[in-house]
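A quick note: this is a predicted structure, and the numbers were derived from the prediction, not measured. Each ligand, and each atom within it, is numbered from 1 in the order the structure gives. When a residue number appears, it is its place in the shown sequence, counting from 1.
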Amino acid sequence: MSAELLRKLRKTIHEGSLAVCAIPTCPEISLNLLTPNYPRGKLTDEEMLAIIDRPAYWAFCWASGQVTARFLLDNPSICRNKTVLDFGSGSGVLSVAAALTGADFVIACDDDSNARTAILENARLNQVKKIKIIDDLRNLTLKPDVLVASDVLYDRENFGILEKLDKYCNLALIADSRVRDPSVFDKFTLLLQERSKTVPDLDESEEFSLVSLYERKFN
Ligand SMILES: C[S@@+](CC[C@H](N)C(=O)[O-])C[C@H]1O[C@@H](n2cnc3c(N)ncnc32)[C@H](O)[C@@H]1O
């Protein structure tokens with residue numbers, strides 16, 4: 001477990017702890033994640049503000065991330081010898097999966113500086129070396145072959161990216177369990193739907209456990 005990450009976590013979840021955890025659906029991948037005994041009681045105002053201000057999304061492996069990582073590991077030709085962009089990397093679970101399946105190069109993009117530290121730590125943990133980190137899509141210096149993104153559409157501002165995916169890739173894989181308007185994915189092909197849970201479990205409503213993985217190809 002990384003002492004630096006624990007220090008960052010505790011700025012948000014004061015009594016939280018981290019542990020190296022093998023992902024249930026992807027035991028090939030281990031991540032530094034929040035331990036399941038995190039405090040679930042009533043939060044103080046200060047804690048509430050810290051969670052809003054600095055959400056530690058990187059300390060979870062989200063349901064959509066798990067399903068997509070398993071899909072990439074089971075279909076290694078998707079990333080092999082490709083340049084892969086992992087948009088909204090969080091813990092870096094998809095970056096690690098892409099690197100493990102032989103991507104030439106992975107670009108992990110996250111606008112949270114703590115997530116960027118987590119991605120580096122988790123890359124090291126899984127002994128993958130080909131991950132470059134950026135904080136904003138505007139800092140991309142090349143057009144990747146493949147874009148992967150899981151659980152990033154909770155932020156409606158990210159819907160805009162769906163309209164210009166061809167600028168970022170030739171193949172996009174987007175996984176989500178929260179969007180309720182099916183027309184958002186009109187131009188996509190549904191690859192699979194699977195039940196999964198965020199690790200550690202956030203006790204979310206069952207409706208958020210059904211992950212849909214969509215594909216869109218260009219050229
Ligand atoms: C819910 S987490 C999902 C993490 C990971 N993909 C997974 O499935 O476990 C969303 C992550 O996307 C990042 N994010 C959201 N919008 C972003 C944006 N516009 N640019 C860069 N990162 C973004 C957040 O900081 C967060 O780390």
Side-chain angles (χ1 to χ4, degrees), residues 5 8-9 11-13 18 21-26 29-34 50-73 79 84-99 106-123 125-126 131-140 144 146-165 167-169 172-179 192 194-202 204 208-214:
L5 275 184
K8 289 175 184 287
L9 176 81
K11 287 192 176 155
T12 303
I13 304 173
L18 291 171
C21 171
I23 301 309
T25 55
C26 309
I29 298 177
S30 292
L31 300 171
N32 286 279
L33 297 180
L34 180 66
I51 285 174
I52 293 165
D53 197 34
R54 298 180 289 273
Y57 293 146
W58 55 269
F60 297 84
C61 182
W62 295 80
S64 298
Q66 284 200 68
V67 169
T68 312
R70 185 69 262 157
F71 186 79
L72 295 180
L73 292 170
C79 294
V84 179
L85 168 63
D86 172 15
F87 173 67
S89 307
S91 64
V93 60
L94 298 189
S95 295
V96 171
V106 181
I107 303 154
C109 175
D110 204 295
D111 57 9
D112 173 358
S113 65
N114 292 344
R116 297 196 292 276
T117 305
I119 297 159
L120 283 177
E121 291 282 353
N122 288 327
L125 185 63
N126 291 279
I131 300 181
K132 180 188 156 157
I133 312 237
I134 60 172
D135 62 350
D136 193 304
L137 285 181
R138 283 175 295 194
N139 295 330
L140 260 183
V146 180
L147 178 150
V148 291
S150 54
D151 214 341
V152 295
L153 297 176
Y154 61 92
D155 183 346
R156 291 196 70 86
E157 285 194 14
N158 288 336
F159 280 43
I161 289 158
L162 300 180
E163 297 306 317
K164 44 186 178 188
L165 282 171
K167 187 175 151 197
Y168 299 117
C169 63
L173 293 177
I174 311 275
D176 181 80
S177 63
R178 296 170 200 280
V179 173
L192 60 86
E194 212 169 287
R195 296 253 167 220
S196 184
K197 278 199 167 163
T198 295
V199 180
D201 194 352
L202 279 167
E204 285 189 291
F208 297 123
S209 70
L210 184 64
V211 175
S212 303
L213 177 62
Y214 298 92

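- Of all atoms in ligand 1, numbered sequentially from 1 with element shown, those under 4.0 Å from a heavy atom of Asp151 are 1 (C), 2 (S), 3 (C), 10 (C).
- Judged by distance alone, the side chains of Asp151 and Ser64 never bring a donor and an acceptor atom under 3.5 Å apart.
- Considering backbone and side-chain atoms alike, Asp135 places every N or O at 3.5 Å or more from each N or O of ligand 1.
- Note on ligand 1: Leu94 sits outside its first shell, no heavy atom being nearer than 4.0 Å.
- Gln66 has its side chain out of reach of Val93: every pair of non-hydrogen atoms, C-beta onward, lies at least 4.5 Å apart.
- Contact annotation for Ala175 and ligand 1: no heavy atom of the residue comes within less than 4.0 Å of the ligand.
- The protein heavy atom nearest to atom 14 (N) of ligand 1 is Asp111 OD1, 3.8 Å.
- Residue Trp58 does not touch ligand 1, judged by heavy-atom distances below 4.0 Å.
- Near Asp112, with a cut-off below 4.0 Å to any heavy atom, the atoms of ligand 1 are 25 (O).
- Summary of contacts: the protein heavy atom closest to atom 5 (C) of ligand 1 is Ser89 O, 3.3 Å.
- Taking only nitrogen or oxygen atoms, main chain and side chain alike, Ala115 does not reach within less than 3.5 Å of ligand 1.
- Residue Gly90 approaches ligand 1 through these ligand atoms, each under 4.0 Å from one of its heavy atoms: 4 (C), 27 (O).
- Set against the non-hydrogen atoms of Asn158, the atoms of ligand 1 under 4.0 Å away are 15 (C), 16 (N), 17 (C), 18 (C), 19 (N).
- The option with the heavy atom closest to atom 12 (O) of ligand 1, from among Ser64, Gly88, Ser91, is Gly88.
- Proximity of a side-chain donor or acceptor of Ser89 to a complementary backbone N or O of Asp86 within less than 3.5 Å is detected.
- Considering only non-hydrogen protein atoms, atom 7 (C) of ligand 1 sits nearest to Ser150 OG, 3.5 Å.
- Nearest-heavy-atom check against atom 25 (O) of ligand 1 across Leu153, Ile134, Leu137, Asp110 picks out Asp110.
- Separation of the Tyr154 and Phe208 ring centroids does not fall under the 6.0 Å cut-off.
- Ser177 contributes no side-chain N or O that, together with a main-chain N or O of Ser209, makes up a donor-acceptor pair within less than 3.5 Å.
- The main-chain N or O of Ala59 is never found under 3.5 Å from a side-chain atom of Asn32 such that the two would form a donor-acceptor pair.
- Residue contacts with ligand 1 for Tyr57 involve side-chain atoms from C-beta outward but no N, CA, C or O (heavy atoms, distance under 4.0 Å).
- Listed for the Asn122 side chain is a donor-acceptor partner under 3.5 Å among the backbone atoms of Ser91.
- Numbered from 1 in the order shown, with element, the atoms of ligand 1 that lie under 4.0 Å from a heavy atom of Phe87 read 17 (C), 18 (C), 19 (N), 20 (N), 21 (C).
- Asp176 places no side-chain N or O within donor-acceptor distance of the main-chain N or O of Val152, the cut-off being under 3.5 Å.
- Looking at heavy atoms from C-beta onward, Tyr214 lies out of side-chain contact with Leu173 at the 4.5 angstrom threshold.
- Between Asp155 and ligand 1, not a single N/O pair is under 3.5 Å apart.
- Of the protein's heavy atoms, Tyr154 OH, 3.3 Å lies nearest to atom 15 (C) of ligand 1.
- Checked by atom type and distance alone, the side chain of Asp110 pairs as donor or acceptor with a backbone atom of Gly90 at under 3.5 Å.
- With no hydrogens or angles considered, no side-chain donor-acceptor pair links Arg70 and Thr25 at under 3.5 Å.
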